[in-house]
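Let me begin by presenting the structure, written as structure tokens, before commenting on it.
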Amino acid sequence: MKRAATSLVTVLMAALLTLTACSAKPTSESPADPPTTAASLPTVDRAGNPITLPPEITRVISLAPSITQVLDALGLKDRLVGIDTQTPRYVPGLDSLPQFDMMQPDLEAMLALQPDLVLVSGISLYASDDPFKPLKDVGIPVAVIPTSNSIEDVMKDIQFIAGCFGKQAEGEAIVAQMRAEIDRIAAIGATITEKKRVMFEIAPLPTIYSFGSGVFLHEMLELIGAENVFADHQGWMAVTEESAIAANPDVILTNVNDIDDPVQEILSRSGWENVTAVKNRAVYYIDTAASSLPNHHIVDALKQMARAVYPDQYAAIGNPLAP
């Protein structure tokens with residue numbers, strides 16, 4: 001990828017470091033799967049805010065690629081009337097739709113689209129607690145889906161989105177498939193006794209970003225049978241170059257996509273020659289979208305991580321991200 005293309009991971013990190021500590025936990029789960037009625041629809045969004053949804057939603061604005069990918073998986077892409085500017089890079093066929101900056105959306109233009117529902121991530125609340133109040137004031141429901149920190153909460157996000165459209169069964173099917181794939185990986189991971197220590201880099205020098213515990217990517221490292229070198233820290237974090245070198249990981253994973261060759265950039269860093277991962281050339285790229293967008297595609301990233309860190313043990317899991 002070229003540096004000229006804005007890295008989604010960079011955008012996410014700028015907001016996540018601010019939002020992680022103050023994200024509200026949801027106060028309800030999606031209902032069961034009866035016919036769609038006002039009573040069967042969610043009444044609280046994933047941030048714990050009350051919402052009132054119409055029984056039929058045909059015009060939707062999605063302001064996060066992770067959300068749009070779920071809508072696509074649910075067969076709801078044709079209901080979109082507006083998207084964020086990042087989405088066309090991750091969901092094909094939407095380039096002609098009106099596009100909005102997810103952090104500074106044009107509310108007047110959104111209002112003109114007459115949406116039945118606006119779905120936003122926590123990133124859209126970066127600069128204000130309630131930037132969408134003008135939409136709510138005229139009766140347009142705005143559902144907030146903060147970035148989830150666990151795989152279980154990612155699954156609940158999918159079920160919530162499905163529930164908004166009365167597609168509980170379809171949402172459950174996606175989650176069931178996720179669970180089956182994750183269980184298969186976890187069963188192999190549980191047999192690994194010689195655990196490799198891994199650093200997962202989500203932004204490169206001069207400002208390295210990674211994560212400690214309490215993040216779904218940390219959970220994924222543990223599932224494959226690896227150890228996070230920063231497990232004693234919490235959440236998304238900036239890492240000094242000295243700390244990264246001192247951590248001496250056995251494997252380095254990167255999902256950086258705003259430089260031409262992120263793997264070679266790490267392998268060629270001055271002063272990193274004695275880091276075990278660099279010395280053994282155990283540095284691997286993990287798909288940016290799959291590992292940074294919290295939805296069903298994290299299973300693809302999980303498979304990639306497993307194959308990269310333990311190629312022999314996970315040789316039979318199939319080709320991650322294969323069509």
Q.
Between Met305 and Leu221, does the side-chain contact (heavy atoms from CB on, under 4.5 Å) criterion hold? Intermediate values first, please.
A. CA-CA 8 Å; Met305 293 161 64; Leu221 285 176; 3.6 Å; yes
Q. Given the rule in the side-chain contact (heavy atoms from CB on, under 4.5 Å) test, do Ile317 and Ile188 qualify, once you have shown the distances and angles that lead to the verdict?
A. CA-CA 10 Å; Ile317 67 169; Ile188 298 172; 4.1 Å; yes
**Q.** Chi angles and distances behind the side-chain contact (heavy atoms from CB on, under 4.5 Å) call for Val60, Leu76
**A.** CA-CA 9 Å; Val60 184; Leu76 298 170; over 6 Å; no
Q: Check the pair Tyr90, His297 against side-chain contact (heavy atoms from CB on, under 4.5 Å), reporting the backbone distance first and the verdict last.
A: CA-CA 11 Å; Tyr90 304 101; His297 288 298; over 6 Å; no
(Q) Checking Asp116 against Arg79 for the salt bridge (Lys or Arg N to Asp or Glu O under 4.0 Å) test, could you report, in this order, the C-alpha distance in whole Å, the side-chain angles of both residues, the deciding distance, and whether it holds? (A) CA-CA 10 Å; Asp116 301 313; Arg79 302 193 193 187; over 6 Å; no
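Between Phe211 and Trp236, the ring planes lie perpendicular to each other; the angle is over 60°, past the 30° to 60° tilted range. The aromatic rings of His233 and Phe230 lie perpendicular to each other, with more than 60° between the two planes, well past the 30° mark.
Put simply, the side chain of Asp300 does not reach to within 4.5 Å of the side chain of Asp287, judged on heavy atoms. No side-chain heavy atom of Pro65 sits less than 4.5 Å from a side-chain heavy atom of Ser121. Counting only heavy atoms from C-beta outward, the side chains of Tyr310 and Lys195 approach each other to under 4.5 Å. At least one side-chain heavy atom of Leu71 sits under 4.5 Å from a side-chain heavy atom of Phe165. Between Leu117 and Pro141 there is a side-chain heavy-atom pair separated by less than 4.5 Å. Within the 4.5 Å cutoff, side-chain heavy atoms of Leu135 are placed close to those of Leu111. In this structure, the side chains of Val70 and Leu74 come closer than 4.5 Å at one or more pairs of heavy atoms. The side-chain heavy atoms of Glu181 and Lys303, taken from C-beta on, include a pair separated by under 4.5 Å.
Nearest heavy-atom pair across Phe132 and Pro105 is CE2-CG, 3.8 Å. Annotation for Lys77 and Val91: closest pair CD-CG1, 3.8 Å, computed over non-hydrogen atoms. Considering every non-hydrogen atom in both Ile182 and Met155, the closest pair reads CD1-CE, 3.8 Å. Listed here is the closest heavy atom pair of Gly166 and Gln168: C-OE1, 3.1 Å. Scanning all heavy atoms of the two residues, the minimum distance from Pro115 to Val118 falls at CG-CG2, 3.9 Å. The two residues Asp106 and Phe100 come nearest to each other via the heavy atoms O-CE2, 3.6 Å.
Arg46 places no side-chain N or O within 3.5 Å of a backbone atom of Ser148 that could act as its donor or acceptor partner. A donor-acceptor pair under 3.5 Å is formed between the side chain of Ser268 and the backbone N or O of Gln264. Here the side chain of Thr85 pairs no donor or acceptor atom with the backbone of Asp101 at under 3.5 angstrom. Remark: side-chain polar atoms of Glu219 are paired, donor with acceptor, to backbone N or O of Ile151 under 3.5 angstrom. Here the side chain of Asn255 pairs no donor or acceptor atom with the backbone of Ile286 at under 3.5 angstrom. Checked by atom type and distance alone, the side chain of Gln99 pairs as donor or acceptor with a backbone atom of Asp95 at under 3.5 Å.
Electrostatic pairing of Arg269 and Glu265 counts as a salt bridge here, judged by a charged N lying under 4.0 Å from a carboxylate O. With respect to the salt-bridge test (charged N to carboxylate O, under 4.0 angstrom), the residues Asp183 and Arg179 do not qualify.
Under the side-chain contact (heavy atoms from CB on, under 4.5 Å) test applied with Val283, the options Val275, Val251, Leu253, Leu267 reduce to a single match, Leu267.
A 6.0 Å sphere centred on CD of Gln104 holds no more than 12 heavy atoms belonging to other residues, nucleotides or ligands.
Side-chain N/O atoms of Thr276 and Asn248 include a donor and acceptor closer than 3.5 Å. Side-chain contact annotation: Glu172 with Gln159, donor-acceptor N/O pair under 3.5 Å present. Judged purely by distance below 3.5 Å, without hydrogens or angles, the side chains of Ser213 and Gln234 pair a donor atom with an acceptor atom.
Atoms CG and CD1, on Asp312 and Ile192 in that order, are 10.0 Å from each other to the nearest 0.5 Å. Atom CG of Asp78 sits about 10.0 Å away from atom CG of Asp72, to the nearest 0.5 Å. Put simply, CG on Asn295 and CD1 on Ile161 are 8.0 Å apart, with the number rounded to the nearest 0.5 Å. For the atom pair CD1 (Ile83) and CE (Met102), the distance works out to 10.0 Å, reported to the nearest 0.5 Å. Atoms CG and CG, from Leu223 and Leu217 in turn, are 11.0 Å apart once rounded to the nearest 0.5 Å. In this structure, the separation between CE on Met220 and CD1 on Ile224 is 8.5 Å, given to the nearest 0.5 Å.
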